[in-house]
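Proteins come first, then strands; the chains are lettered A, B, ... in the order of their sequence lines, and each starts at number 1. Computed over heavy atoms, backbone and side chain alike; hydrogens, waters and symmetry mates excluded.
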Amino acid sequence: MARYEPSQSEALWQKAWADAEVFRARRDESKRKYYVLEMFPYPSGRIHMGHVRNYTMGDVVARTKIAQGYSVLHPMGWDAFGMPAENAAMERGGHPKTWTYGNIADMKAQMRPLGLSIDWTREFATCDPEYYGQQQAMFIDMMAAGLVYRKNAVVNWDPVDMTVLANEQVIDGRGWRSGAMVERRELTQWFFKISDYSEELLTALDGLKDWPEKVRIMQANWIGQSRGLQFAFETKGAPQGFERLEVYTTRPDTLMGASFAAISPDHPLARALEAGNPAVAAFVAECRRIGTSEEALEKAEKRGLDTGITVRHPLDQAWELPVYIANFILMDYGTGAIFGCPAHDARDFEFATKYGLSIHSVFVPEGEIDAPLTEAFVPPKSETVHYVRRFAGESVQSGENGVETAIAYCEGHGIGKGVTNYRLRDWGISRQRYWGCPIPVVHCATCGVVPEAKANLPVRLPDDVSFDQPGNPLDRHPTWRDCACPKCGAPARRETDTMDTFVDSSWYYARFTAPHAATPTVAEDVGYWMNVDQYIGGIEHAILHLLYSRFFARAMHKTGHLPAKAIEPFNALFTQGMVTHEIYLTRDAAGRPVYHLPEDVEGGQLKASGEAVEVIPSAKMSKSKKNVVDPVNIIERFGADTARWFILSDSPPERDVEWTAAGAEAAFKFLNRVWLIAERVAEMPVSDAGPGDMDLMRAVHRAIADVTFAIENFAFNKAIAKIYELANTLSRSAASAAAMKVALRAMAQLMSPMVPHLAEEIWHAMGGAGLVVTAPWPEADPALLVEDEVTLPIQINGKRRAEITVPKDMPASEVEKLVLADETVARALAGQPPKKLIVVPGRIVNVVH
RNA sequence: GCGGGCGUGGCGGAAUGGUAGACGCAUGGGACUUAAAAUCCCUCGGGCGCAAGCCCAUGCCGGUUCGAGUCCGGCCGCCCGCACCA
């Protein structure tokens with residue numbers, strides 16, 4: 001063996017794997033399959049450490065499963081549609097297509113040196129017509145299945161650029177480029193009926209045992225099932241057609257605490273009033289400037305306008321409540337109208353205080369009396385309270401009971417009905433943009449809205465478009481819109497909306513099973529490969545991407561593109577943390593921060609000038625703060641194995657990991673050390689079995705058991721710690737050459753998922769047969785794992801005071817005798833019997849006195 | 001604002017409710033070297049003590065328990081998401 005030079009050897013091993021086609025996924029009915037998938041990247045043009053972390057984790061899983069004899073599918077593709085390509089075209093000229101495919105080529109070139117176990121023959125980009133054409137075919141099937149419809153919905157409208165803005169393009173209520181105040185505008189848009197599956201998507205979460213609990217909770221809250229009462233107020237003074245006002249409430253038990261009714265600025269009644277009332281029109285217009293995001297609405301100051309209309313309280317005809325238009329009422333939730341009970345809702349309290357509305361408690365804590373409130377009293381619904389303004393049920397009961405008895409009472413008296421509502425809204429997929437999958441629909445003067453004929457798919461994006469002006473190039477293209485109606489043949493116009501890019505990423509996992517098929521999926525392939533056994537990605541996708549994918553899998557099943565077993569497409573989910581780095585900055589003359597790349601800083605100073613830098617604690621790597629480390633540079637300097645080893649070693653995978661130069665160097669040093677151990681062993685003279693052989697074998701088998709367990713539980717940092725221990729044992733061992741070689745081969749195997757190139761090198765040097773990547777995963781011999789003795793700490797009153805070593809299976813009664821005979825214990829007890837003696841076999845002893 | 005998560009030495013972290021700090025980094029000491037680098041060995045939470053040992057310590061405040069970093073309640077700080085960023 002020569003020096004450890006990864007730049008030489010890594011490429012050679014990658015070629016060996018490619019030549020042997022070891023990562024080619026094959027449908028082999030005789031083997032168990034394993035499908036591991038990392039969330040595919042957006043082709044920005046550069047890979048970053050977050051990608052390295054994500055794909056290395058997937059690679060560890062994939063390589064372990066290959067060694068364990070599975071037929072493994074580990075694909076990679078590109079989430080290639082989206083706004084950045086259009087922005088690039090606007091800023092720098094060029095075409096989104098050229099930009100995107102160029103980026104893909106660049107990123108792929110940066111990824112390949114990592115030595116990932118990817119089957120590149122399955123690669124595709126979502127902007128390939130071959131892919132989005134199949135997506136259009138499924139859209140048409142979903143239309144036929146009743147899962148698609150059109151309705152009006154509001155968008156952010158930039159009145160200067162005359163274009164629709166994404167939420168992230170609205171900054172403080174203004175368009176990001178024009179700076180104009182953004183307006184809300186209604187457009188007819190395409191929707192998927194995800195709400196058909198609200199209950200199903202909620203209840204099925206219980207079956208996702210291998211998903212993080214937090215993701216299931218977030219999804220459940222997002223779906224937001226609620227039980228409540230829907231009823232109608234009779235109105236007084238409302239325009240014709242608004243004699244009744246439907247409201248929905250989850251707290252009908254607080255009806256007697258009502259002090260106002262409120263409607264959304266987008267409510268039909270508000271619109272009706274707007275026409276004839278300038279004050280209403282002005283207020284509503286102001287509300288519409290807040291923007292469309294729920295975050296913006298919630299953060300905005302709560303404001304309302306008294307419409308002058310009143311409603312009768314359903315339980316007391318003489319009781320009238322004012323009707324407000326309020327900026328925090330969402331038209332999309334419930335009926336877009338509510339009644340306010342300030343005593344038991346924080347937002348209503350704030351509102352009532354502001355507008356001088358009455359505040360009456362409906363219930364008080366048990367044992368307390370009714371008194372004026374300084375803030376809303378909102379106990380958990382499960383808590384028992386004393387109802388002081390009650391119309392149904394017991395006077396002392398839980399909120400839950402209160403709600404149910406109130407619903408029963410109202411239903412019995414003809415006031416509304418109990419309903420189950422969901423917060424989840426239908427999925428609006430229309431985008432007024434070019435770089436997305438065209439919605440395959442035609443507008444015909446006689447036939448109306450008609451799906452394109454499947455024979456005409458894909459509906460391709462035209463190449464001859466310009467981005468010199470804002471707005472949708474498809475809309476202003478001279479000829480692209482012109483087509484023939486697929487139904488009657490008359491001249492017709494194409495839909496110019498394209499699809500939300502979340503649609504693209506909602507089924508790519510299924511497409512990987514047959515990436516180039518002439519149908520969206522192939523029954524044999526999805527039958528064999530689905531489901532994804534392990535999905536890995538960022539926690540930022542906990543709700544939308546994963547929920548849309550779960551819906552889409554169901555829609556694909558309904559339209560015959562996925563088997564029933566695949567309606568939950570991801571068996572196990574792992575959400576990894578971010579990669580962070582310290583931030584380095586100096587100040588310019590005006591005191592503004594000037595950021596510096598880590599590679600330009602050494603020892604707290606700029607390399608170039610020696611100027612001292614300020615160091616800000618680690619944050620997510622971002623270009624704007626320049627706290628980025630380019631994986632390409634790291635690989636050039638240390639090799640891919642060092643990058644992979646370090647990114648896995650320093651933090652638990654679900655937490656953020658801080659990239660540090662010292663850590664990367666330490667990783668490199670360790671790999672060197674392993675290399676040197678191997679070199680020494682390779683040169684050891686052959687000898688008979690030595691006295692240290694047995695101890696070494698015990699350590700090896702302990703490591704096999706621990707590392708395997710750690711990998712299977714996504715504790716890669718702990719797997720690496722165990723490998724460090726084994727390396728320490730190995731370098732101190734006095735075992736024979738033969739035993740050392742066996743141990744090193746095992747260590748190479750255990751290391752191979754993380755540092756596959758070095759592992760091949762060592763495996764080869766230690767006389768391993770073939771490639772380590774395909775060598776069967778080692779199994780721990782249980783006989784070598786058993787310990788004969790255990791050391792038990794002895795606590796006295798919960799504090800560790802002594803310890804005893806006893807045979808592993810000594811009965812508790814025997815242990816007790818030994819403990820009581822212990823000098824420290826005897827001294828502490830001073831002749832008294834212990835109050836309590838707790839023996840946890842194999843773990844601990846606690847003497848209480 | 002709402003929903004979810006996280007918080008342990010100088011640093012990254014380890015710890016089925018059972019010895020807090022595995023493993024690694026940094027620091028300090030030593031070996032090797034003319035010297036340095038590399039490598040190897042030892043030390044390494046804080047305080048008191050000659051020592052045996054004792055006390056304090058897992059963001060803060062309380063609670064449950066023989067025993068709490070771990071479970072429960074309340075705060076503080078940071079991070080993720082909020083439906084047109086991907």
Colleague: When we call it a touch if two heavy atoms are under 4.0 Å apart, what does V848(A) touch: a base, just sugar-phosphate, or nothing?
Modeller: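 Answer is sugar-phosphate: V848(A) comes under 4.0 Å of backbone atoms only.
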Colleague: Closest approach to the side chain of K299(A), judged atom by atom: which nucleotide of G1(B), A83(B), G4(B) is it?
Modeller: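 Per side-chain heavy atoms of K299(A), the pick is G1(B).
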Colleague: So L424(A), base contact, sugar-phosphate only, or nothing? Heavy-atom distance under 4.0 Å.
Modeller: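 Touches a base.
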Colleague: Take atom CD1 of I290(A) and atom P of G1(B), then tell me their distance rounded to the nearest Å.
Modeller: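 Going from I290(A) (CD1) to G1(B) (P), I get 16 Å.
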Colleague: May I ask you to decide whether E301(A) forms a salt bridge with K354(A), counting only side-chain N to carboxylate O separations under 4.0 Å?
Modeller: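 Looking at E301(A) and K354(A), the cut-off is met.
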Colleague: Does any donor-acceptor pair link the side chain of N167(A) with the base of C84(B) at a separation under 3.5 Å?
Modeller: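 No.
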Colleague: Just to be sure I understand the rule, does K669(A) reach a base, reach only the sugar-phosphate, or reach nothing, if contact means heavy atoms closer than 4.0 Å?
Modeller: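 Sugar-phosphate: the residue K669(A), judged by heavy atoms under 4.0 Å, touches backbone atoms but no base.
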Colleague: For A542(A), answer base if it contacts any base atom (sugar-phosphate contacts may also be present), sugar-phosphate if it contacts only those atoms, and nothing otherwise; contact means non-hydrogen atoms under 4.0 Å.
Modeller: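 Contact class for A542(A): none.
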Colleague: Output yes when a side-chain donor or acceptor of H344(A) lies under 3.5 Å from a complementary backbone atom of F377(A), and no otherwise.
Modeller: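 Flag set: sc H344(A) to bb F377(A) pair under 3.5 Å.
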Colleague: Tell me whether the side-chain N/O atoms of R431(A) come closer than 4.0 Å to OP1 or OP2 in C84(B).
Modeller: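 Answer yes for this pair, as a side-chain N or O of R431(A) is under 4.0 Å from OP1 or OP2.
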Colleague: Could you check whether Y131(A) and W507(A), counting side-chain N and O atoms only, form a donor-acceptor pair closer than 3.5 Å?
Modeller: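 Looking only at side-chain atoms, Y131(A) and W507(A) do form a donor-acceptor pair, the distance falling under 3.5 Å.
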Colleague: How many whole angstroms separate atom CD1 of I794(A) from atom P of G53(B)?
Modeller: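 Rounded to the whole Å, the gap is 14 Å.
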Colleague: Can you tell me the pairing partner of A83(B) across any strand shown, Watson-Crick or G-U wobble, with both distances under 3.5 angstrom?
Modeller: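 None - no nucleotide pairs with A83(B), as no candidate has both distances under 3.5 Å.
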Colleague: Just N and O in the side chain of K799(A): are any of them under 4.0 Å from OP1 or OP2 of C56(B)?
Modeller: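 For K799(A), the contact criterion (side-chain N or O under 4.0 Å from OP1 or OP2 of C56(B)) is met.
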Colleague: Could you tell me whether V170(A) contacts a base, only the sugar-phosphate backbone, or nothing, with contacts defined as non-hydrogen atoms closer than 4.0 Å?
Modeller: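 If one applies the 4.0 Å heavy-atom cut-off, V170(A) turns out to touch nothing in the nucleic acid.
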Colleague: F574(A): what forms a ring pair (Phe, Tyr, Trp, His ring centres under 6.0 Å) with it, not counting sequence neighbours?
Modeller: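 With sequence neighbours excluded, F574(A) shows a ring pair (Phe, Tyr, Trp, His ring centres under 6.0 Å) to F714(A), given in chain and number order.
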Colleague: Is it the case that the base of C82(B) and the side chain of E295(A) share a donor-acceptor contact (distance under 3.5 Å, atom types as modelled)?
Modeller: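 It does, because a donor-acceptor pair links the side chain of E295(A) to the base of C82(B) below 3.5 Å.
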Colleague: At 4.0 Å (heavy atoms only), tell me whether Q189(A) reaches a base, stays on the sugar-phosphate, or touches nothing.
Modeller: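 Contact class for Q189(A): base.
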Colleague: From G24(B), A22(B), A86(B), pick the nucleotide closest to the side chain of A721(A)?
Modeller: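 Taking heavy atoms from C-beta onward, the closest nucleotide is A22(B).
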Colleague: Of the listed nucleotides (C82(B), G81(B), A15(B)), which one gets closest to any side-chain atom of E294(A)?
Modeller: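 For the E294(A) side chain, the nearest candidate turns out to be C82(B).
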Colleague: Before we go on, tell me: are the rings of W659(A) and F646(A) under 6.0 Å apart, centre to centre?
Modeller: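 Centroid distance W659(A)-F646(A): below 6.0 Å, so yes.
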Colleague: Tell me whether the side-chain N/O atoms of R347(A) come closer than 4.0 Å to OP1 or OP2 in C2(B).
Modeller: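 So the side chain of R347(A) is outside the cut-off, no N or O lying under 4.0 Å from OP1 or OP2 of C2(B).
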Colleague: When all nucleic acid strands are considered with a 4.0 Å heavy-atom cut-off, which category describes Q795(A): base, sugar-phosphate, or nothing?
Modeller: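 Since a base atom lies under 4.0 Å of Q795(A), the category is base.
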Colleague: Hey, does P652(A) reach any base, or is it just sugar-phosphate, or nothing, if we go heavy atoms under 4.0 Å?
Modeller: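 Sugar-phosphate contact only - P652(A) comes under 4.0 Å of backbone atoms but never of a base.
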Colleague: For G428(A), report the nucleic acid contact type (base, sugar-phosphate, nothing); a contact means any heavy atom under 4.0 Å.
Modeller: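 Counting heavy atoms under 4.0 Å across all strands, the contact made by G428(A) is with sugar-phosphate only.
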Colleague: May I ask you to verify if any side-chain N or O of K214(A) is less than 4.0 angstrom from the OP1 or OP2 atom of G5(B)?
Modeller: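 Checking G5(B) against K214(A), no side-chain N or O comes under 4.0 Å of OP1 or OP2.
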Colleague: Checking contacts here: which listed nucleotide (C55(B), U16(B), C84(B)) is nearest the side-chain heavy atoms of N156(A)?
Modeller: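 It is C84(B).
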Colleague: Can you tell me if S649(A) touches the phosphate of G24(B), counting only side-chain N or O atoms and a distance under 4.0 Å to OP1 or OP2?
Modeller: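 Negative; the distance criterion is not met.
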Colleague: Rounded off to whole Å, could you give me the CG-to-P distance for the L676(A) and C40(B) pair?
Modeller: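 It is 8 Å, rounded to the nearest whole Å.
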Colleague: Go through the structure and list residues passing ring pair (Phe, Tyr, Trp, His ring centres under 6.0 Å) with F191(A), not counting sequence neighbours.
Modeller: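 Checked F191(A) against ring pair (Phe, Tyr, Trp, His ring centres under 6.0 Å); matches are Y149(A).
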Colleague: Looking at every strand, decide which applies to D656(A) at a 4.0 Å heavy-atom threshold: base, sugar-phosphate, or nothing.
Modeller: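 Result for D656(A) = sugar-phosphate.
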Colleague: Just N and O in the side chain of N221(A): are any of them under 4.0 Å from OP1 or OP2 of G4(B)?
Modeller: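 True: N221(A) side-chain N/O within range (under 4.0 Å) of G4(B) OP1/OP2.
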Colleague: Contact class for K302(A) vs. all strands (heavy atom < 4.0 Å): base, sugar-phosphate, or nothing?
Modeller: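 The residue K302(A) makes no contact with any strand.
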Colleague: Are F40(A) and W78(A) close enough that their ring centres sit under 6.0 Å apart?
Modeller: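 Between W78(A) and F40(A), which both carry aromatic rings, the centre distance is not below 6.0 Å.
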Colleague: Using a cut-off of 4.0 Å on non-hydrogen atoms, how would the nucleic acid contact of I838(A) be classed: base, sugar-phosphate, or nothing?
Modeller: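 Touches a base.
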Colleague: Quick one: label G82(A) by what it contacts on the DNA or RNA (base, sugar-phosphate, nothing), any heavy atom closer than 4.0 Å.
Modeller: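 The residue G82(A) makes sugar-phosphate contact but no base contact.
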Colleague: So, does R702(A) get its side chain near the phosphate of A22(B), meaning an N or O under 4.0 Å from OP1 or OP2?
Modeller: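 Answer is no, no contact under 4.0 Å.
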Colleague: Taking only N and O in the side chain of S651(A), is any of them less than 4.0 Å away from OP1 or OP2 of G13(B)?
Modeller: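 Yes, such a contact exists.
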Colleague: For G24(B), does OP1 or OP2 lie under 4.0 Å from any side-chain N or O of N728(A)?
Modeller: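 It does, given that an N or O in the side chain of N728(A) lies less than 4.0 Å from OP1 or OP2 of G24(B).
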Colleague: With the side chain of V164(A) defined as its heavy atoms from C-beta on, choose the nearest nucleotide among C84(B), A86(B), C85(B).
Modeller: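 Per side-chain heavy atoms of V164(A), the pick is C84(B).
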Colleague: Roughly, in whole Å, what's the span from CD1 in I844(A) to C1' in A68(B)?
Modeller: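 One finds 12 Å between C1' of A68(B) and CD1 of I844(A), rounded.
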Colleague: When the ring centroid of F81(A) is compared with that of Y132(A), is the distance short of 6.0 Å?
Modeller: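 They qualify: ring centres under 6.0 Å apart.
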Colleague: So, does R655(A) get its side chain near the phosphate of A14(B), meaning an N or O under 4.0 Å from OP1 or OP2?
Modeller: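 So the side-chain polar atoms of R655(A) do come within 4.0 Å of the phosphate oxygens OP1 or OP2 of A14(B), strictly under.
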Colleague: Considering only atom P, compute the distance from U70(B) to G63(B) and round it to an integer number of Å.
Modeller: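 Approximately 14 Å lies between the P atom of U70(B) and that of G63(B).
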Colleague: Mind checking if S430(A) touches a base, just sugar-phosphate, or nothing, with heavy atoms under 4.0 Å?
Modeller: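 The answer is base, as S430(A) lies within the cut-off (heavy atoms under 4.0 Å) of a base atom.
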Colleague: Closest approach to the side chain of K718(A), judged atom by atom: which nucleotide of G4(B), A86(B), A14(B) is it?
Modeller: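 Minimum distance to the K718(A) side chain belongs to A14(B).
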Colleague: Looking at U16(B), C41(B), A83(B), which one has an atom nearest to any side-chain atom of R732(A)?
Modeller: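 Between U16(B), C41(B), A83(B), the one nearest the side chain of R732(A) would be C41(B).
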Colleague: Can a side chain N or O of R673(A) be found less than 4.0 Å away from OP1 or OP2 on C40(B)?
Modeller: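 It does, given that an N or O in the side chain of R673(A) lies less than 4.0 Å from OP1 or OP2 of C40(B).
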Colleague: Would you tell me whether D158(A) and T163(A) have side-chain atoms, one donor and one acceptor, within less than 3.5 Å of each other?
Modeller: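 No, T163(A) and D158(A) have no side-chain donor paired with an acceptor closer than 3.5 Å.
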Colleague: Can you tell me the distance, in whole Å, between the CZ atom of F328(A) and the C1' atom of C2(B)?
Modeller: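 Roughly 14 Å, once rounded to whole Å.
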Colleague: To the side chain of Q432(A), which of C84(B), C40(B), U19(B) is closest?
Modeller: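 The nucleotide sitting nearest to the side chain is C84(B).
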Colleague: Look at the side chain of A662(A) and decide which nucleotide, out of C25(B), C85(B), A14(B), has an atom nearest to it.
Modeller: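 Side chain of A662(A) sits closest to C25(B).
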Colleague: Measure distances between side-chain N and O atoms of E540(A) and base N and O atoms of C82(B), and say whether any donor-acceptor pair falls under 3.5 Å.
Modeller: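 There is none.
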Colleague: Under a 3.5 Å cut-off for both contacts, is G24(B) paired Watson-Crick or G-U wobble with anything, and if yes, with which nucleotide?
Modeller: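 Pairing partner: C11(B).
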Colleague: Determine: side-chain N/O of N717(A) to OP1/OP2 of A14(B), distance under 4.0 Å, yes or no.
Modeller: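 Yes, such a contact exists.
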